[in-house]
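Throughout, protein chains are lettered first and strands after them, A, B, ... in sequence-line order, and every chain is numbered starting at 1.
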There are 2 protein chains.
Amino acid sequence: MRTQAKNKPKAAAGKPARRPEQGMDKRELILAAALDEFSQNGFALARLDDVAKRANVAKGTIYLYFKDKESLFQELLRTQISPVMGMLEAVLAGGKEAKPVPLRELAHRVADLFVEQVIGTRRKDIVRLILTEGPRFPKLAEFYYREVISRGLGAFRARAQRAVKEGELKSDTLVRFPQLIVAPALTAIMWKSMFDKFEPLDAKALMKAHIENLFDKEERS
Amino acid sequence: MRTQAKNKPKAAAGKPARRPEQGMDKRELILAAALDEFSQNGFALARLDDVAKRANVAKGTIYLYFKDKESLFQELLRTQISPVMGMLEAVLAGGKEAKPVPLRELAHRVADLFVEQVIGTRRKDIVRLILTEGPRFPKLAEFYYREVISRGLGAFRARAQRAVKEGELKSDTLVRFPQLIVAPALTAIMWKSMFDKFEPLDAKALMKAHIENLFDKEERS
DNA sequence: GACTTATGACTGACTAGTCAGTCATATTTT
DNA sequence: AAAATATGACTGACTAGTCAGTCATAAGTC
């Protein structure tokens with residue numbers, strides 16, 4: 001009945017064995033199904049029976065790969081976020097080249113990355129899940145702060161600091177509140193999930209206008 | 001038609017009831033308890049048994065005042081939001097006085113209102129609940145869009161439009177994206193609920209810096 | 001290669017627990 | 001004493017997590 005390629009799940013906390021024999025392995029099937037289910041219903045209302053159904057897997061199988069519902073959830077968020085963090089750090093590292101990228105340009109690149117790699121993909125649902133479930137998952141909030149927020153904002157803040165010292169920035173606003181760069185992006189994600197059907201929002205144009213607002217002022221000396 | 005002569009349940013003494021309806025005090029007791037419970041646990045995980053306990057009321061009593069859990073939730077959000085909407089409209093109406101308030105000043109007033117009446121009070125939990133539960137409650141999202149978002153942003157947008165025509169604003173960014181005014185405020189609310197213990201955020205200073213960023217550019221001609 | 005035995009990934013009925021909503025009864029008010 | 005209000009034990013629906021058993025495949029034997 002079940003035409004499955006053989007695979008060998010290790011213990012529940014194992015790392016993914018990448019062997020896309022005849023399609024995704026079970027672990028990835030489950031993660032994909034979990035993304036659908038969690039982003040449609042949120043953590044509390046998501047049913048593991050439905051995750052199993054979506055993944056064409058028995059419920060028990062989920063517990064061969066993940067310790068419990070919460071582990072599945074957190075693992076999902078982690079695996080989806082990591083690649084974007086890599087990209088973000090690559091973009092921010094661009095400022096260390098021989099010819100330094102102006103902060104203004106860097107900000108545009110960060111905004112583009114966010115629009116294209118997050119808002120424009122299913123990953124926006126991941127961010128939405130972090131925003132909506134974070135307050136109820138202290139562990140998740142802490143992980144996310146440590147691995148994403150403090151690293152991302154920290155790198156940007158350091159770069160902004162340098163821009164102030166070198167006269168590229170007149171005010172230290174972005175050093176004190178690097179959150180200002182991404183605030184409209186987060187708002188755009190929530191807007192899209194709630195109000196887009198009443199009033200569509202062009203996230204790319206929003207971010208462009210926003211970054212220009214932040215830097216136009218600085219350009220005139 | 002009794003007034004406030006209840007003795008057994010300890011209610012806030014001397015609280016005026018809006019209508020000469022009986023039992024208004026219990027109703028408000030339940031709403032207050034519901035605010036605690038829902039903002040601590042979110043809608044799905046909030047237990048009505050606990051709401052009842054917090055309100056010093058039996059569970060059945062809740063059903064004398066509210067149809068079901070969802071009604072209680074929505075009613076809570078509505079009653080908490082209305083007064084702020086009133087204040088917001090009063091602030092925005094300031095632009096219609098004989099001596100028109102500059103848009104820049106208006107923006108600062110809106111930001112202050114938000115910081116003082118929302119972020120600085122328990123109402124920030126209400127906004128957080130709307131953000132976190134909204135995607136799962138289409139009816140709530142629609143109500144909130146109709147009654148709050150479209151009205152608030154619409155009024156601001158109209159005022160910004162006038163500012164453009166009269167030369168007060170050079171660009172139409174704020175007409176196209178009035179969301180930019182409040183985006184950092186929403187981010188601040190989420191930040192406070194998740195990351196404030198790692199890195200406190202001064203919401204008032206954030207908003208001040210943000211508004212100045214938006215308008216400094218416009219000031220120089 | 002055919003036959004036997006071993007393995008462990010996978011299954012899904014089941015358990016144990018949770019909680020929204022009900023209602024027969026009790027208490028308070030008029 | 002009738003009406004209004006309040007109670008909380010109870011029910012029924014729902015679901016996370018379990019585990020004894022299945023079976024496709026691998027490994028061992030002749």
Rounded off to whole Å, could you give me the [atom1]-to-[atom2] distance for the [X] and [N] pair?
| X | N | atom1 | atom2 | answer |
| --- | --- | --- | --- | --- |
| B:L48 | C:dC19 | CG | P | 10 Å |
| A:Y65 | D:dG17 | OH | C1' | 18 Å |
| A:E70 | D:dA16 | CD | C1' | 13 Å |
| B:I62 | C:dT22 | CD1 | P | 13 Å |
| A:K69 | C:dG17 | NZ | P | 18 Å |
| B:D49 | D:dT11 | CG | P | 16 Å |
| B:D25 | D:dA6 | CG | C1' | 13 Å |
| A:L72 | D:dA16 | CG | P | 11 Å |

Ranking D:dG17, C:dT22, D:dT7 by distance to the side chain of B:A58, first place goes to D:dT7
When you measure from the side chain of A:D68, which nucleotide among D:dA16, C:dA20, D:dG17 comes out closest?
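Nearest to the side-chain atoms of A:D68, counting from C-beta on, is D:dG17.
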Contact nearer the 5' end of DNA chain D, comparing A:A44 with B:V57
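The residue whose closest nucleotide sits nearer the 5' end is B:V57.
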May I ask you to check whether B:F43 and B:F137 place their ring centres under 6.0 Å from each other?
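Close enough - the centres of the two rings lie under 6.0 Å apart.
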With a 4.0 Å cut-off on heavy atoms, is [X] in touch with a base, just the backbone sugar-phosphate, or nothing at all?
| X | answer |
| --- | --- |
| A:A46 | sugar-phosphate |
| B:L64 | base |
| B:K59 | base |

Hey, are A:K204 and A:E116 close enough for a salt bridge, meaning a charged N less than 4.0 Å from a carboxylate O?
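So A:K204 pairs with A:E116 through a salt bridge.
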May I ask you to test the B:P83-B:R123 pair for a side-chain heavy-atom distance under 4.5 Å?
yes
Atom CG of B:L72 and atom NZ of B:K69: how far apart are they, to the nearest 0.5 Å?
9.5 Å
Counting heavy atoms not belonging to B:K208, are there more than 12 under 6.0 Å from its NZ?
no
